[in-house]
Every structure is written in structure tokens, then in C-alpha cells.
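What follows is a set of notes on a single structure, which appears directly below.
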Amino acid sequence: MEFVEVSSYEKNLEKLKTILITGGSGLVGNAIKKIINNYTKYKFIFITSKDYDLIKFEDTQKMFEFYRPNYVIHLAAYVGGLYKNMNNKVEMFEKNLMINFNVIKCSHDYKVEKLISCLSTCIFPDKTTYPIREDMLHNGPPHESNYAYAYAKRMIELHSRTYRESYGDNFICITPCNIYGPYDNFSLEDGHVLPSLIHKCYLARKNNEDFIIRGTGKPLRQFIYSEDLAKIIMILFDNQNSLSDFDINKDNIIISSPEESEISIGDIARIIANKYNYKNRIIFDQKYSDGQYKKTVSIDKLYNIIGDFNYTSIEVGINNTIDWFIENIDNSKR
Ligand code: NAP
Ligand code: GFB
């Protein structure tokens, strides 16, 4: 675990409120770590699975007993791309269900003043109208490729709502779209599409081979750069003080790049190939599943709360992520 105190001056102010961040060593956790110096009024505690196994209730209780955090940003999860979801349904369901149950229950038992938990846009109904909005969450089954992860995540929204309605707990949920950036999971099999293709194109160029994209390349996705997401999470966190703020208590809040930034998997592959100056063949291997065709979400609610946000363009975000991957290639493949 990392105990990050921002400046010696505050060290003296024992009254600093603490924010405990589960999933502190992941893609989003590291992005938040990068901006904490902008939030000197808090003490940040970043937790990893090596500190506490949140699948175990006792471990989770121990963590809350030791830190007694004022606030919690709950990011920890058993996460993966389409193929990891399709091939690990039991783990995806059970591990996430237990992690989330333990953190939400302990947040209530230890009187946490504000809990922000993380859903995902892939958990919305698959058969739906577009763009998808927050209140559509329980309007039908998710896509069959990730129903295990999706239903475990939907339970966060329900569990948080029970505590809001029964005890007035300030437990809210955010719903990011596909996230990417430094510290991502670049695994060739388990990673999400963007980090996996960054790793695959690196190898294709190095070994002078074809760049293989799984599926047709036609599916569409909205992507958000991890550091943009971190900034938006902290803006919401810092400005939401009671359940009446932001109308957030009704359901959740989608955090995504705008609808018009939606892009095909094929175009993502071409941007990555350009960055690597890769000139050989890009092949679409259609024996692999395309998963969900699209999950286009609206950010009207977010916009009404934070106004305009200067999103990092997909080209710049991919360039930064590839630079980070090449610099960290030895310790970036999970
Ligand atoms: P990630 O990079 O895979 O990191 C997962 C984090 O959870 C790591 O810090 C990991 O710790 C921790 N963790 C996993 N199992 C744990 C356990 N049993 N006990 C304690 N900690 C555990 O995940 P991410 O991409 O940053 O995702 C953050 C949140 O955003 C998650 O809730 C995810 O569902 C959600 N989300 C992600 C995406 C995406 O595209 N990545 C999209 C939408 C929503 P170790 O490093 O020690 O294993
Ligand atoms: O990010 P991804 O794995 O998951 O993207 P989802 C999958 C899309 O990328 C599919 C194509 O259309 C795949 O056919 N694709 C092409 C690849 N090549 C590759 C590759 O090498 N690896 C991967 N992974 N995909 C996930 C959910 O859905 O969204 C998770 O399953 C999570 O639970 C995540 O919520 C945010 O966007 O389809």
C-alpha cells in the first residue's frame, strides 16, 4: 500500500480527510495517483490486492478497521477484455460479486461519508435504443459475452441504492465507457482491445509479421483516456457533498467521451499501425467473436454537471499509451 501525503504543511493538520482507493494499482488507480497533488485537502490511500484480498470479508473488514477512511473510491475488480469475459464467467461473476458486496457493506458499517463505486457501460442492456442513458440500466439483459461481469456490476447499483434509501448513505455509482492508457493490461489474451492491439502491433513490427485483428473490425466503441477519467472522477467527488447534489442518487452517472467520438475497432487498429509506422498487412480474423456491436452512451447528464471537458483525442491518447508501453514493456504485460 502507498500512503501519499501531499505536503509537510498538511502533515500537521491531522484533520485531513482520507480517501481510500481500492484498485489503487490498476489502470484507473494509477491515473488518479497522477493528479492527487491537485487535491491537497485530502490524504490518499491506494490499496492493492497484495495489501488486502477484498474477496475475503475478514480482509475487507481489517482494511476498514485499520484506515477508517472518510471516503472510498471503489475501483477494485476482476477485469478483462471480451475474451477473458467469455472464458472466465464464474470468476467474473463470483469474484466481482464478493469484492463489491464486502466493500459496500463495510463502507456502511464503518460510516463512510461518501462511496463512489465503478460500473461499466458494457453492463447496460444489449437490445436497447441509442444513445443509452443512465436510467436504462435494468431495462433488459446485457450482452451474452459479458453477462457474468455485467450482473455482478449491476448489483453494485442495487446494493448502493438499498443503503441510500434505507440509511441515507451517500453511496453513488459512476459508469465509464472503455478506458485505456498507461498501466493498462497489455495481455495478448485477457486485455481489452486497445492495449492488446498495441502489444500485437509491437510484435508484428518487431517480427515482420501480419497484424492480426480479431473479428470483423466493424464494432464501434467510445474510449476515454484514463487520465481524463481520473480528472472527471475527482471533479465529481470533490463537488458532490450530499445525495441531493447532481440528482445522482436516482441511478448512476455515465462518464464517457462524446457520442461523436465513437470509433470502429478497425480504425483503432489503423491508428495504432500508423503510430508504429507499421507497413505490413492488417488482417481481420473472423473466426473470433465481435462481441457486442456497439454500446453508444449519452453524456448529457455528465455535461449538465461538469460542463465542457477537454477530452484527450484518441490519436494523442494512443500515442501516449504506446510510448508508455514501449518504455515499460518488461513490466507492463500482466
Ligand atoms: P485493473 O487495471 O484491472 O485494476 C484492477 C485493480 O483491482 C488492481 O489494483 C487490482 O490489484 C485490484 N484488485 C483486483 N482483485 C482484487 C482483490 N481480490 N482484492 C483487492 N484488490 C483487487 O482495472 P481498471 O481497468 O483500472 O478498472 C477500474 C474499475 O473500472 C473497475 O471497477 C472496472 O470494472 C471499471 N471499468 C474498467 C473499464 C476498462 O476499460 N478498463 C471500463 C469500464 C469500467 P492488483 O494490482 O494487486 O491485482
Ligand atoms: O475491449 P474489448 O475486449 O471488450 O473489445 P468489449 C472487444 C472488441 O475488440 C471486439 C475486438 O469487437 C473484438 O472482436 N478485438 C479485435 C479485440 N482484436 C482484439 C484483441 O486482440 N483483443 C480484444 N480484447 N478485442 C468489454 C467487456 O467489452 O468492455 C468488459 O467484456 C469490460 O467486461 C470492457 O466492461 C470495458 O468492449 O467488447
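Residue numbers count from 1 along this sequence. Ligands are counted one by one from 1 in listed order, and the atoms in each one are counted from 1 as well. The model shown is predicted, which means the values in this text are computed figures rather than measured ones.
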Using a 4.0 Å cut-off to any heavy atom of [X], which atoms of ligand 2 qualify?
| X | value |
| --- | --- |
| Gly81 | 3 (O) |
| Lys200 | 20 (C), 21 (O) |
| Arg221 | 6 (P), 37 (O), 38 (O) |
| Lys295 | 6 (P), 26 (C), 28 (O), 29 (O), 37 (O) |
| Asn85 | 27 (C), 30 (C), 31 (O), 33 (O) |
| Tyr149 | 33 (O), 35 (O) |
| Pro219 | 12 (O) |
| Leu197 | 18 (N), 21 (O) |

Please verify whether a non-hydrogen atom of [X] lies at under 4.0 Å from ligand 2.
| X | value |
| --- | --- |
| Gly291 | no |
| Tyr83 | yes |
| Cys177 | no |
| Gly191 | yes |
| Ser289 | yes |
| Gln292 | no |

Run the contact test for [X] against ligand 1 with a 4.0 Å cut-off on heavy atoms, strictly below, and give the result.
| X | result |
| --- | --- |
| Cys177 | yes |
| Tyr180 | no |
| Asp53 | yes |
| Leu119 | yes |
| Ile55 | yes |
| Lys56 | no |

- Please indicate whether Lys34 has more than 12 foreign heavy atoms, meaning atoms of other residues, nucleotides or ligands, lying under 6.0 Å from its NZ. no
- Spacing of CH2 belonging to Trp324 relative to OG belonging to Ser226, to within rounding of 0.5 Å: 10.0 Å
- Can you find an N/O atom of Leu75 closer than 3.5 Å to an N/O atom of ligand 1? yes
Contacting atoms of ligand 1, where contact means under 4.0 angstrom from a heavy atom of [X]:
| X | answer |
| --- | --- |
| Gly24 | 9 (O) |
| Lys50 | 45 (P), 47 (O) |
| Val28 | 26 (O), 28 (C) |
| Pro176 | 43 (C) |
| Gly23 | 6 (C), 7 (O), 8 (C), 9 (O), 12 (C) |
| Leu27 | 2 (O), 25 (O), 26 (O), 41 (N) |

- Query: Should the ring pair Tyr180 and Tyr225 be called parallel, tilted or perpendicular, given that the plane angle runs from 0 to 90° and is split at 30 and 60?
  - Reply: tilted
- Message: Which label fits Phe101 and His159: parallel for a plane angle under 30°, tilted from 30 to 60°, or perpendicular past 60°?
- Response: parallel
Do [X] and [Y] pair up side chain to side chain, a donor and an acceptor below 3.5 Å, judged on atom types alone?
| X | Y | value |
| --- | --- | --- |
| His192 | Asn185 | no |
| Asn85 | Ser145 | no |
| Tyr130 | Glu259 | no |

Can you tell which of [options] gets a heavy atom nearest to [atom]?
| atom | options | result |
| --- | --- | --- |
| atom 19 (N) of ligand 1 | Asp190, Ile47, Asn30, Leu54 | Leu54 |
| atom 39 (C) of ligand 1 | Lys153, His192, Arg221, His74 | His192 |
| atom 15 (N) of ligand 1 | Cys118, Ala77, Ala152, Gly26 | Ala77 |
| atom 25 (N) of ligand 2 | Ile179, Val193, Val79, Asn146 | Val193 |

- Are Tyr149 and Phe93 close enough that their ring centers fall under 6.0 Å? no
- Item | Among Leu194, Thr296, Ile265, side chain to side chain contact (heavy atoms under 4.5 Å, CB included) partner for Arg221 | Ile265
Among all protein heavy atoms in this structure, tell me which lies nearest to [atom], with the distance rounded to 0.1 Å.
| atom | result |
| --- | --- |
| atom 32 (C) of ligand 2 | His192 NE2, 3.6 Å |
| atom 12 (O) of ligand 2 | Asp290 O, 2.7 Å |
| atom 7 (C) of ligand 2 | Leu82 CB, 3.9 Å |
| atom 18 (N) of ligand 2 | Arg214 N, 3.0 Å |
| atom 35 (O) of ligand 2 | Cys122 SG, 2.8 Å |

Would you mind checking if [Y] and [X] are paired as a salt bridge, meaning a charged N to carboxylate O distance below 4.0 Å?
| X | Y | answer |
| --- | --- | --- |
| Lys17 | Glu113 | yes |
| Arg164 | Asp169 | no |
| Lys218 | Asp290 | no |
| Lys84 | Glu189 | no |
| Asp285 | Lys287 | yes |
| Asp126 | Lys295 | no |
| Lys231 | Glu227 | no |

- Of the side chain and backbone of Tyr52, name the one, both, or neither that has a heavy atom under 4.0 Å from an atom of ligand 1. backbone
- Where on Tyr149 is there a heavy atom closer than 4.0 Å to ligand 1, on the side chain, on the backbone, on both, or on neither? side chain
- Message: Side chain or backbone, does Ile265 bring an N or O within less than 3.5 Å of an N or O on ligand 2?
- Response: no
Please say yes or no: joined through hydrophobic side-chain contacts below 4.5 Å, possibly via intermediate residues, are [X] and [Y] part of one cluster?
| X | Y | answer |
| --- | --- | --- |
| Ile47 | Val79 | no |
| Phe46 | Leu75 | yes |
| Leu82 | Phe124 | no |

Which atom names give the shortest non-hydrogen contact between [X] and [Y], and what distance separates them?
| X | Y | answer |
| --- | --- | --- |
| Asp210 | Ala204 | O-CB, 3.6 Å |
| Leu119 | Lys153 | CD2-O, 3.4 Å |
| Ala269 | Ile213 | CB-CD1, 3.6 Å |

